[in-house]
> 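Dropping a structure here in structure tokens format, bear with me for questions.
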Amino acid sequence: MTDLRKTLKTSLAEARARLEAALKEEGFGILTEIDVAATLKARLGLERPPYLILGACNPNLAARALEAEPNIGLLLPCNAVLREGGEGVEILLQDPKGLFQVLPPEKQEALKPVVEEARSRLEKALAKL
């Protein structure tokens, strides 16, 4: 699994706010949220540390990707994970470069400019945290 990551010594709420602001500066918005810990508690009665999955989307990049490959929706949106650990809140961003390697070579080539731009924007957002 390939990802971009950073650990912040702050609360989950603060890490989320900072991540959303940094992603917004790079043209991404949050489309979905899955509170994994709350779901496991509600459905299975399991106690887990906070764990959020956020689905981030940059509409311009998504439109370009869909134009190049109509089935690309299976790999969208870009996921971000926030989880509490011993060192603070770990933030993991899905690395589009690694993720898109599951595609056939000709599709990878067609999507290469979009993937590179998406990765660059995600790296910039992570650096701002």
> What salt bridge (Lys or Arg N to Asp or Glu O under 4.0 Å) pairs are there with at least one residue in residues 48-58, not counting sequence neighbours?
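The answer is none; no pair qualifies.
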
> What closest approach, in Å, do G55 and P77 show between heavy atoms, and which atom pair accounts for it?
CA-CG, 3.7 Å

> Is there a side chain to side chain contact (heavy atoms under 4.5 Å, CB included) between E33 and R16? Walk through the geometry before answering.
CA-CA 11 Å; E33 174 184 338; R16 179 186 177 151; 2.9 Å; yes

> Please test L75 against L103 for side chain to side chain contact (heavy atoms under 4.5 Å, CB included), starting from the C-alpha separation and ending with a verdict.
CA-CA 10 Å; L75 301 179; L103 297 171; 4.1 Å; yes

> Which value, rounded to the nearest 0.5 Å, describes the distance between N60 atom CG and R121 atom CZ?
7.5 Å

> Could you check whether any side-chain N or O of T10 sits under 3.5 Å from a backbone N or O of A15, counting only pairs where one atom can act as donor and the other as acceptor?
no

> Would you mind listing every salt bridge (Lys or Arg N to Asp or Glu O under 4.0 Å) that reaches into residues 56-70, with sequence neighbours excluded?
R64-E117, E69-K107

> Taking R5 first and then D3, would you say they form a salt bridge - that is, a charged N and a carboxylate O separated by under 4.0 Å?
yes

> Can you tell me if CD on E87 sees more than 12 non-hydrogen neighbours from other groups inside 6.0 Å?
no

> Count the heavy atoms belonging to other residues, nucleotides or ligands that lie under 6.0 Å from NZ of K6, then report whether that count exceeds 12.
yes

> Determine, step by step, whether F100 and I72 satisfy the side chain to side chain contact (heavy atoms under 4.5 Å, CB included) criterion, reporting the C-alpha distance in whole Å, the side-chain angles of both residues, the deciding distance to 0.1 Å, and the verdict.
CA-CA 9 Å; F100 282 52; I72 204 67; 3.4 Å; yes

> Taking Q108 for its side chain and Q101 for its backbone only, find out whether a donor-acceptor pair lies under 3.5 Å.
yes

> Flag the pair E20 / E25 as yes when at least one side-chain heavy-atom distance between them is below 4.5 Å, and no otherwise.
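The answer is no, as the side chains (C-beta and beyond) never meet within the 4.5 Å cut-off.
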
> Going by the side-chain contact (heavy atoms from CB on, under 4.5 Å) test, name the single residue among L76, L99, V81 that passes it with Q94.
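Of the listed residues L76, L99, V81, the side-chain contact (heavy atoms from CB on, under 4.5 Å) partner of Q94 is L99.
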
> Determine whether E116 and K97 make a side-chain contact, defined as any pair of heavy atoms from C-beta on separated by less than 4.5 Å.
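Not in contact.
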
> If you round to the nearest 0.5 Å, how far is CG of L46 from CG of L40?
6.0 Å

> Mind checking the OG-CZ spacing from S11 to R18? Nearest 0.5 Å is all I need.
9.5 Å

> Determine whether L66 and L31 fall in the same hydrophobic cluster, where Ile, Leu, Val, Met, Phe, Trp and Tyr are linked whenever their side-chain heavy atoms lie under 4.5 Å apart.
no

> How close do A37 and P50 get, heavy atom to heavy atom, and via which atoms?
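Where A37 meets P50 most closely, the heavy atoms are CB-CA, 4.1 Å.
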
> Spell out, yes or no, whether L44 and Y51 are grouped together once hydrophobic residues are joined by side-chain heavy atoms under 4.5 Å, including indirect joins.
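Yes, one cluster joins them.
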
> Taking the side chain as C-beta and beyond, is there a heavy-atom pair between K128 and E26 under 4.5 Å?
yes

> When clusters are formed from ILVMFWY side-chain contacts under 4.5 Å, directly or step by step, what else is grouped with V89?
L4, L8, L12, L19, L23, F28, I30, L52, L54, L61, L82, I91, L93, V114, L122, L126, L129

